[in-house]
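Everything numeric in this text was worked out from a predicted model, so none of it was measured. In the text below, chain A, chain B and the rest are named by the order of the sequence lines, each starting its count at 1.
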Amino acid sequence: MDYESELNESQYRAVTTIDGPLLIVAGAGTGKTRTLVYRVARLVETGVRPESVLLLTFTRRAATSMLARAASLADSRCQRVSGGTFHSMAYAVLRKYAELAGVERSFTVLDSSDTEDLIDLLRRQMNFRGKERRFPRKRTLCAIFSMAANKLMPLGDVLKRYYPQFAREKGDLEQLLNAFESYKRERQMLTYDDLLVRLRDALEENQELCQRLSEQYRYIMVDEYQDTNRLQAQIVRLMTAAHDNVAVVGDECQAIYSFRGASFKNMLEFPELFPKAQLIKLEENFRSSQPILNLANEIISDASESYAKRLFSRMTEGEPPMLVSAGDENEQSRFVAERIEELREEGVPLHEIAVLFRASSHSFDLEIELGKHGIPFRKFGGIKFAESAHIKDALSFLRVALNPADTLSWFRALKLIDHIGDATVQQILDHLGIERREFRTVRAKESLFNRLKQFPARASYKDQLIKLAHVLRTIVEQKSPHAQLSTVLRLYRPILKSRYDDYPRRQRDLEHLQAIAKRYKSAAELLADVALDPSDAAQRDGRGSGYVTLSTVHSAKGLEWNTLFVIWMTDGWFPSSRSVEEFEDLEEERRLLYVAATRAKQHLYFTYPLGAYRGGMPDAPPVVSRFLEFIPDTILSRATLM
DNA sequence: TTGGACCGCCTTTTT
DNA sequence: GGCGGTCCAA
Ligand SMILES: Nc1ncnc2c1ncn2[C@@H]1O[C@H](COP(=O)(O)OP(=O)(O)OP(=O)(O)O)[C@@H](O)[C@H]1O
């Protein structure tokens, strides 16, 4: 391939600078992703073993599509390059080198709702209630603990800095954290954060592992480096100990994940971690027309911590972005739907159109309206398939069968039976001796599940409990996750119907889950994939092109569309009213809007409803987002729907 | 011990 | 409009 004609001069330099540490700093749409794709292709073409190249991205979806592009551009061997998120890579490494890393190979991955449930369970057991003071709720607890892990900060510092209102609970929180950590360790459960922490610890403590990993991965690339955290930076440093071959790309203006412990300071600190680092800047935007970039520059130039970059493009022609005020929410939805219909008639393919919003619930009304207009759409972000209750219910049986020490899943499965609550589950687990023994072999598991039938059960739930025991026994013997799910569903379907009014929808989800399960040979793989990728696993199939994309701005990162709508540009919604108090939070909202605006290639609309609607800023009439309010008409034209 | 009724608080972004 | 906590009947 002729790399020089496909890339501009600095991109070409980034692609051909192969050895040693490299920091690529670049604005939106300047070809960072393209550069990484070509860099992968180039490495493979010059004879580097594809398996020794590692591409770390923000979602697994991004990695898959980048590798597919590299393969189609150059060499099909690019498909064999290792790609994924830090978390999926950590999972793979911990499984592969379980002994060296000091974990059981059969460890369970807890997704965020499992983690919340576990913390809730422990909090209740430790009984912090009854106190006058308010104790943080489970979501907040997870966020606090996660922040400490990802920012490498002691709990006390996290409290002082981000949660001063709970600083007085430090003692109790530390106690809870300790209980949480030992509970997970005893049962070989790893949260998302643990995947990274345990990998880091293993790399630090075990020279051999460190050595073997740096040999396995000779060339490492990290996309979206501005949204990595310090823990991830440590991992990158340790994994490249033997060769320093690492290229990271990022844009400080697009840092939008600080709520998850990420910090764009990683970009600034990269040269300290890798003193030999070369710096390459990409400046020309290839995505958007200049009028769109003018608006983006305007949004970000108001930033109080002024970023020096200004985006420019050779596509100087184009209409300026438009700000449209609607009477109420539904008028906003109708405007978007009707405009999409017009575009469709003009021949714009639906996959070149997207609607973005700050929070996933903001699109509910639009979803109904698009339905009425017969416009197919797909939604990204928000509630995840794998985190809905019915999917977790069904999978909890597979988890128990795989790892009977997974008490969390026992609670979930047993409590599906009427008249069994927390107390009864605990009695059952005591009866089974779950906490004391190990159950690895099929034999041991079978006799365990048989013992379930001998539990002195009350008449009110005895029959159901025996059925459940039978289901568990059966699925231990079954190999394929598809067959196992069929067994589970025989028990679970009636329960589903009695519990949920909207069971037809949920039943369809379960059928979908079964279809997904067909792709897997073992329950362990299925469960890991579902946990590591709670939304994608369900959406991987059928990447058709005949639909409009609806997405949170966060999930739209790195993507681009010809025509873009950003809805709910009402102050209090975007920026979110919860982020306007703290300066740093507000700046992150601004960067978020910058990310949104720079997704558009040619047409960009912002809409906001004027009609009174509760929420956002209570008791105040809705006004347009402070980020757009004072932008001159020449840069952002205005229209009102009537 | 479970589960239903009631009340008050909070409401985001994701691996 | 949902979730978490509390109170009470069965
Ligand atoms: N040298 C080039 N010649 C032609 N088109 C290019 C070139 N570089 C990038 N592009 C195109 O510009 C668009 C933006 O590129 P890309 O997605 O790689 O940018 P990015 O820096 O990753 O963007 P962002 O950070 O905003 O997600 C893509 O459509 C890409 O194909």
Quiz item: Is the shortest distance from a Lys or Arg side-chain nitrogen in A/E588 or A/R591 to a carboxylate oxygen in the other one below 4.0 Å?
Solution: yes
Quiz item: Centroid-to-centroid, A/F107 to A/Y91, below 6.0 Å?
Solution: yes
Quiz item: Between A/H554 and A/G421, who's closer to the 5' end of DNA chain B by nearest nucleotide?
Solution: A/G421
Exercise. May I ask you to evaluate whether A/S361 reaches the phosphate of B/dT12, defined as a side-chain N or O under 4.0 Å from OP1 or OP2?
Key: no
Quiz item: Of the nucleotides B/dT2, B/dT14, B/dT12, which has the atom closest to the A/Y257 side chain?
Solution: B/dT14
Quiz item: Does the side chain of A/R161 come within less than 4.5 Å of A/K151's, by heavy atoms?
Solution: no
Quiz item: When you check the gap from the basic side-chain N to the acidic O, do A/K392 and A/E116 get nearer than 4.0 Å?
Solution: no
Quiz prompt | Contact nearer the 5' end of DNA chain B, comparing A/S112 with A/D422 | solution = A/D422
Quiz item: Is the phosphate of B/dT11, meaning OP1 or OP2, less than 4.0 Å from a side-chain N or O of A/R578?
Solution: yes
Quiz item: Just how far, in rounded Å, is C1' of B/dT1 from CG of A/L414?
Solution: 15 Å
Quiz item: Whole-Å distance between B/dT14 P and A/Q232 CD?
Solution: 16 Å
Practice problem: Using atom CZ of A/F364 as one end and atom C1' of C/dG1 as the other, report the distance to the nearest whole Å. | Solution: 11 Å
Quiz item: Picking from B/dT14, B/dG3, C/dG4, which would you name as closest to the side chain of A/T552?
Solution: B/dT14
Exercise. Starting at atom CD of A/Q254, determine the distance to atom C1' of B/dT13, rounded to an integer number of angstrom.
Key: 16 Å
Exercise. Identify whether a stacking contact exists between A/F259 and B/dT13, where the ring centres must be under 5.5 Å apart and the planes under 30° apart.
Key: yes
Quiz item: Which listed nucleotide (B/dT1, B/dT12, B/dT14) is nearest to the side chain of A/Q427?
Solution: B/dT1
Quiz prompt | Protein-nucleotide distance (A/I417, atom CD1; B/dG3, atom C1'), rounded to Å | solution = 16 Å
Exercise. Rounded off to whole Å, could you give me the CD-to-P distance for the A/E387 and C/dC3 pair?
Key: 14 Å
Quiz item: Just checking A/I420: base, sugar-phosphate only, or nothing, at a heavy-atom cut-off of under 4.0 Å?
Solution: sugar-phosphate
Quiz prompt | Salt bridge present between A/D529 and A/R519 (N-O < 4.0 angstrom) | solution = no
Quiz item: Taking 4.0 angstrom as the limit, do A/R506 and A/D509 come out as a salt bridge?
Solution: no
Quiz item: How is A/F58 classified with respect to the nucleic acid when contacts are heavy atoms under 4.0 Å: base, sugar-phosphate, or nothing?
Solution: sugar-phosphate
Quiz prompt | Selected nucleotide, minimal atom distance to A/T85 side chain, candidates B/dT15, B/dT14, B/dT1 | solution = B/dT15
Quiz item: Hey, does A/D418 reach any base, or is it just sugar-phosphate, or nothing, if we go heavy atoms under 4.0 Å?
Solution: sugar-phosphate
Practice problem: Take the protein atom CD of A/E224 and the nucleotide atom P of B/dT14, then report the distance between them rounded to whole Å. | Solution: 14 Å
Quiz item: Which part of the nucleic acid, if any, lies within contact of A/S88, taking any heavy atom under 4.0 Å across all strands shown: a base, the sugar-phosphate backbone alone, or nothing?
Solution: nothing
Quiz item: Could you state the CG-P distance from A/L356 to B/dT14, rounded to the nearest angstrom?
Solution: 12 Å
Quiz prompt | N or O in side chain of A/R123 less than 4.0 angstrom from C/dG5 OP1/OP2 | solution = yes
Practice problem: Side chain of A/H419 only, please: which of B/dT15, B/dT2, B/dT12 is the nearest? | Solution: B/dT2
Quiz prompt | Options B/dT13, B/dT14, B/dT11, nucleotide nearest the side-chain atoms of A/R358 | solution = B/dT13
Practice problem: Please work out if A/S460 contacts a base, only the sugar-phosphate, or nothing of the nucleic acid, heavy-atom cut-off 4.0 Å. | Solution: nothing
